[in-house]
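Just follow the structure's listing: the first ligand is 1, and inside any ligand the first atom is 1. These numbers come from the heavy atoms of this one structure, side chains and all, not from hydrogens, waters or symmetry mates.
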Amino acid sequence: LNRKILISLIIMIMTGLSVAVSAQELPETMPNGVAAGDATQTTVVLWTHSTETGTVGFEVATDADITDVVATAEAEVEDPLVPVKVLVSSLEPDTAYFYRVTDAAGGNVVGQFDTPAEPGTTTGLRFGVSGDWRGELAPYPALNNTVERDLDFFLLHGDTIYADFPSPDVPLEQALTLEDYRMKHNEVYSERLGLNAFADLRSSTVIYAIFDDHEVSNDFAGGAPPSYDERFASYDGEFVNDTELYQIGTQVFYEYNPLEETYYGDTGDPLTANKPDLYRYRTFGSDAAMFIVDARSFRSEPLPPVADITDRAEVTSFLSASLNAERTMLGKLQFEKLVADLQHAQELGITWKFVMIPEPIQNFGSLNGFDRYEGYAAERAALLASINESEISNVVFVSADFHGTVINNLTYQSGLRDLLSNTHNATSAFEIITGSVAFYEPLGPTVIQIAAGLGLIEEELADSYFEMTPAEQDDFMLELINAQIEPVGYTLVGLNDTDLIDAELIEGKYLATNFFGWTEFDIDAESQALTVTTYGITPYSQEEMEANADEIIARTPEIVSQFVVQPQ
Ligand SMILES: [Fe+2]
């Protein structure tokens, strides 16, 4: 027995469920397996990447043997590096489907997905989220337990490739051509060392996906003029989102994800007209609504980074500049859609509202704040104020990008008056930062090295961190982050505002900074209580993976943090 079949058998015995479609041996011509994504109650996008040119057939059925076929479709492979997909409609809500994809070489792979229930009933919901995986750290054992968790969907939350970092298949400092970007995406969804954790996950449930910066280039701002940064300066266009580099990055992101390729029409605004529209609003019974936002394509030019965060004058100047209401992170159009859709979900009586935002919204202070929502504080405050004013309950922001998990309730300052009087407006919304799937090193050691480099902590103290146990390291990190945010008046890490949020910590802390993994959100059908569980494995470097592949690939994610929140 090979290891994949053995794992599959063990899972079948453990769960008693049919996992016939997981951990399949993939045909050589279908290196990334299959995926279903972007589902609504009645539609889904089916996807595969075949290296054999010719016709690919898709069959959708209500049984795992694909005998009760309810829909078929075809697509043509013209380029072995370009995946194909089809939009299937006329599906039934709240229904389990199976699908088989057969390529021109005769290979086939089977997948499965469930459509969401219509609002009006509570059926419970369980989904996963993570972001940030580097090509050299494949094949991603941090996802080893995703299939057995029987998820309704999984959100791929940005930095799905690192276009600006060399990897084994594309050893370039910056991907530049269509082929470079395609090879980057193909690399992370292909088998390595006998495992393809992403193919297993992507065939087992519905995928939603959003990009962040590294799908084009580090920290880019789509709404800035190309001249703002030398990487874009040689390209034509009024905005970075007009440049060829942005167009290539987003085109290939669409190609390699099971997403409907939606674009803004003639909006009358050159910032958004005919640009990719990755915003999504989805409902899952009355249990949850999800709002996926693109935080890159339309954002204004970033503020200059704060060089010395101990310099009060420099920090105050950054904070007041961030309160300029002309600056935007989402773009006015997307911001207005998000605000309206949040109200719509509240009016429908949907319990939980998950705002999927690739970059953190909680305040950490001015260190690297230029790239987070707090660098666009006026719009951030307007969003949180609208949630307060419209009394939208149970709003959870879910982000990634930090390569570690930090959970906090959200406060905001509306303008200079709040800033000068040190007034922080409370909300009942909170945020959990998820991931990474694989970014070495994770948040904890990264922050220690930055803090030591800036002289914020003594070298000796930094050295002692690396001698600690993982639990001690997280205690240390909690104190270090709180020491940065408390003097500025931000709330301490954790869900501590018990008047506004009824939360109970079950395991670990409201922080986990030394793991690779993902976060599961589980809504109980009866009580509507939300259980948030972060799973992780011990992180590994590329060198460790190469030297010790068998042990690392077999790592099983364990709970590193878990808490339960009762709905309001
Ligand atoms: Fe990242």
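- Residue S436: no N/O/S atom is found under 2.8 Å from the Fe ion (ligand 1).
- For the ring pair (Phe, Tyr, Trp, His ring centres under 6.0 Å) test with Y189, the passing option among F198, Y256, W47 is F198; the others fail.
- At least one N, O or S atom of D132 sits under 2.8 Å from the Fe ion (ligand 1).
- The six-membered or imidazole ring of Y208 lies near that of F153, with a centre-to-centre distance under 6.0 Å.
- Using a cut-off of 2.8 Å, one finds that H214 contributes no N/O/S atom close to the Fe ion (ligand 1).
- In this structure, a donor-acceptor pair under 3.5 Å is present between the side chains of T513 and D474.
- Taking the ring centroids of W133 and F516, they lie at or beyond the 6.0 Å cut-off.
- Judged by a 6.0 Å distance limit and a 45° cone about the ring axis, R327 is positioned over the six-membered ring of Y376.
- Backbone or side-chain N, O or S atoms of D212 do not reach the Fe ion (ligand 1) at under 2.8 Å.
- D159 contributes OD2 as its N, O or S atom closest to the Fe ion (ligand 1).
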